[in-house]
Amino acid sequence: YTLRVLDDTQTLEVAIEIGGLDRPQLHLAMPEWPPGSYRIRGYGDWIKNLRVTDMDAKRQLSLERIDRSTWTIDLGGARNVRAYGQYAGQ
C-alpha cells in the first residue's frame, strides 16, 4: 500500500494493490483499535471516497460497506485490483 499526505495536511490518500485474485468477492477491513489501547476508535468512519478499480480492465468495481470497518467488493472476474480512498482522522 501507499500513503500520500494531501495539501490540507490533515488528509491521507491511501491506496492498496492486490493481485492474483480468484474469487467472486473480496473483503477489506480496518482495525477498530490501535495496539495498547482499550478504546474502540472506529477508524473506518474516517474513510472517504473509497473506490476500487480493476487494474486490467480499467473499470470501477462495486463495493458495499457491511459494517463500521469492513467493505465487500464484487470482483466480477477481476484478478488485480486497486483500492483507494482518503483518511481524514480526528
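Worth saying up front: this structure is predicted, and the values here are computed from it rather than measured.
Counting only N and O atoms by type, the side chains of Gln60 and Thr53 include no donor and acceptor under 3.5 Å apart. Between the side chains of Gln86 and Asn49, at least one donor N or O sits under 3.5 Å from an acceptor N or O. Using modelled atom types, one finds no donor on one side chain facing an acceptor on the other under 3.5 Å when comparing Thr70 with His27.
Counting heavy atoms from C-beta on, the side chains of Glu17 and Asn80 never come closer than 4.5 Å. Between Glu32 and Arg68 the shortest side-chain heavy-atom distance falls below 4.5 Å. In this structure the side chain of Leu63 never reaches within 4.5 angstrom of the side chain of Asp74, judged on heavy atoms.
The CG atom of Asp7 lies 12.5 Å from the CD atom of Gln10; values are rounded to the nearest 0.5 Å. For the atom pair OG of Ser69 and CZ of Arg41, the computed distance is 15.0 Å after rounding to the nearest 0.5 Å. One finds the CZ atom of Arg4 at 10.5 Å from the OG1 atom of Thr11 (value rounded to the nearest 0.5 Å). Within the model, atoms NZ of Lys58 and CZ of Arg82 stand 10.5 Å from one another, a figure rounded to the nearest 0.5 Å.
Residues Leu6 and Trp46 do not share a hydrophobic cluster, clusters being chains of Ile/Leu/Val/Met/Phe/Trp/Tyr side chains in contact below 4.5 Å. Under the 4.5 Å side-chain heavy-atom criterion for grouping Ile, Leu, Val, Met, Phe, Trp and Tyr, Trp71 is not connected to Tyr84 through any hydrophobic cluster. Tyr87 and Leu50 fall within a single hydrophobic cluster, where Ile, Leu, Val, Met, Phe, Trp and Tyr are joined by side-chain heavy atoms under 4.5 Å apart, directly or via other members. Leu61 and Met55 are members of different hydrophobic clusters when ILVMFWY side chains are connected at heavy-atom separations under 4.5 Å. Linking ILVMFWY side-chain heavy atoms closer than 4.5 Å, directly or via other members, places Tyr43 and Leu3 in a single hydrophobic cluster.
Between the side chain of Arg65 and the main chain of Asp67, a donor-acceptor pair closer than 3.5 Å is present.
Salt-bridge annotation for Asp56 and Arg79: absent, with no side-chain N of the basic residue lying under 4.0 Å from a carboxylate O of the acidic one.
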Step by step, would you call Arg23 with Leu75 a side-chain contact (heavy atoms from CB on, under 4.5 Å)?
-> CA-CA 7 Å; Arg23 61 186 75 187; Leu75 293 174; 3.7 Å; yes
Please step through side-chain hydrogen bond (donor to acceptor under 3.5 Å, both in side chains) for the pair Thr72 and Glu64, ending with a clear verdict.
-> CA-CA 5 Å; Thr72 297; Glu64 177 184 356; over 6 Å; no
How far apart are the C-alpha atoms of Ile73 and Leu28, what are their side-chain angles, what is the distance that settles it, and do they pass the side-chain contact (heavy atoms from CB on, under 4.5 Å) test?
-> CA-CA 8 Å; Ile73 302 155; Leu28 293 180; 3.6 Å; yes
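Across all their heavy atoms, Ala78 and Asp54 have their closest contact at CB-OD2, 3.3 Å. A pairwise comparison of heavy atoms in Gly76 and Arg59 identifies O-NH2, 2.8 Å as the closest pair.
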